[in-house]
Protein chains: 2
Amino acid sequence: MTAVLVARKEQFPQIAASFGLNPGAMHALLSLDADEPKSMSSLAGSWKCDASNVTWLVDRLEEHGLAERRLHAHDRRVRTVALTRKGAKVRAQIEARLFAPPESLRDLSARDLDTLCRILEKIAPKGGPRF
Amino acid sequence: MTAVLVARKEQFPQIAASFGLNPGAMHALLSLDADEPKSMSSLAGSWKCDASNVTWLVDRLEEHGLAERRLHAHDRRVRTVALTRKGAKVRAQIEARLFAPPESLRDLSARDLDTLCRILEKIAPKGGPRF
DNA sequence: TATTGTTATACTCTATAACTATA
DNA sequence: TATAGTTATAGAGTATAACAATA
């Protein structure tokens, strides 16, 4: 799986564009969830960008109807962000394309693919694949 | 080798910054040569960007003394671009860093590294590694 | 008239700083 | 006073369109 992700990395911008998103917004979409709203500030941390950029990216996702801001239960300063139903659907579609074996891997034997995955799992960064 | 390039791809921006270049300019530098000047228009094709952006990128390289515009022998409309001696030296330094085994590969056994290279050579895009 | 490259300009994405509203 | 998020603004890097020089 990691092998596929590594191979796919080059195609991020194209895949994003095919959904009308820029790479940053697609990255954002893939790290959001419908069930676990996350605060804007925590997103700035995990996306490693400025808070003002989180505002901008979430605006883009909201424009597409893919994510929505919600109120925090106990702190009225905080806005949380979660995927809409449509957002979850699009995220699933993107993941399907990301995890589908890319052209360049179709020529590999099953044995080679296994070997490749095994090796790349070893060198994958801690915390799993990062987009 | 391809394996290393794949693994290194993430570090492009950092390496570029350490030479005072942006990723685009580093990409440009690595595809230029001291001995084979290339026309601006052909560079627009191989870099897959607009001609006006080639002007901008070559300007950046010239500011650093890494590349220079030359006259075409027979067509006075055409400008060709080639690396300066300094540019060739910097390109070699960058390549040395790109081809050095990255951290993430140091943990692999020699056998795994061989296997990885063999597999990735198979799926490498025709025409060799692209930056 | 067509082509090469540049210039003028606008757009996208990112960051910094000032601001509003809560705490 | 401090924190969460937004807005205003600036900058890098990209593209489009108009232009000058040459073919």
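Here is how names work: the chains are called A, B, and so on, in the same order as the sequence lines, proteins then strands, and each is numbered from 1.
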Practice item. Report the distance from atom CG of A:Leu71 to atom P of D:dA4, rounded to the nearest whole Å. Key: 16 Å

Check your understanding: Checking all strands, does B:Ser41 fall into the base, sugar-phosphate, or nothing category for heavy-atom contacts under 4.0 angstrom?
Key -> sugar-phosphate

Check your understanding: Which residues satisfy the side-chain hydrogen bond (donor to acceptor under 3.5 Å, both in side chains) test with B:Asp59, sequence neighbours excluded?
Key -> B:Arg69

Review point. What residues form a salt bridge (Lys or Arg N to Asp or Glu O under 4.0 Å) with B:Asp50, not counting sequence neighbours?
Key: none

Review point. Atom CZ of B:Arg69 to atom P of C:dT4: distance rounded to whole Å?
Key: 16 Å

Check your understanding: Can you name the side chain to side chain contact (heavy atoms under 4.5 Å, CB included) partners of B:Thr80, sequence neighbours left out?
Key -> B:Pro37, B:Arg70, B:His72, B:Val78

Check your understanding: Under the side chain to side chain contact (heavy atoms under 4.5 Å, CB included) test, which residues partner A:Ser42, sequence neighbours left out?
Key -> A:Lys38, A:Ser39

Study note, to complete from the structure: Double-helix bend of the helix from C:dT1-D:dA23 to C:dA23-D:dT1, axes at both ends from 5 pairs, round to 10°, gives 20°

Revision key, fill the gap. Contacts of A:Ser46 meeting side chain to side chain contact (heavy atoms under 4.5 Å, CB included) (sequence neighbours excluded), chain-then-number -> A:Leu43

Review point. In whole angstrom, what separates B:Arg79's CZ from D:dT22's C1'?
Key: 11 Å

**Study point:** Sequence-distant partners of B:Arg60, side chain to side chain contact (heavy atoms under 4.5 Å, CB included), two or more places apart
**Key:** B:Trp56, B:Glu63

**Study point:** Between C1' of D:dA21 and CE of B:Met40, the distance in whole Å
**Key:** 15 Å

Exercise for review: Any chance you could list the contact pattern along nucleotides 8-23 of chain C? Use B for base contacts, S for sugar-phosphate-only contacts and - for none, protein heavy atoms under 4.0 Å, 5' to 3'.
Suggested key: -----SBBB-----BS

Point to revise | Contact list for residues 76-87 of chain A, test salt bridge (charged side-chain N to carboxylate O under 4.0 Å, His left out), sequence neighbours left out | key: A:Asp75-A:Arg77

Review point. Checking side-chain contact (heavy atoms from CB on, under 4.5 Å) for the pair B:Met40/B:Val58: CA distance, chi angles, key distance, verdict?
Key: CA-CA 9 Å; B:Met40 305 285 280; B:Val58 173; 4.2 Å; yes

Review point. What's the NZ-P distance between B:Lys38 and C:dT4, to the nearest Å?
Key: 18 Å

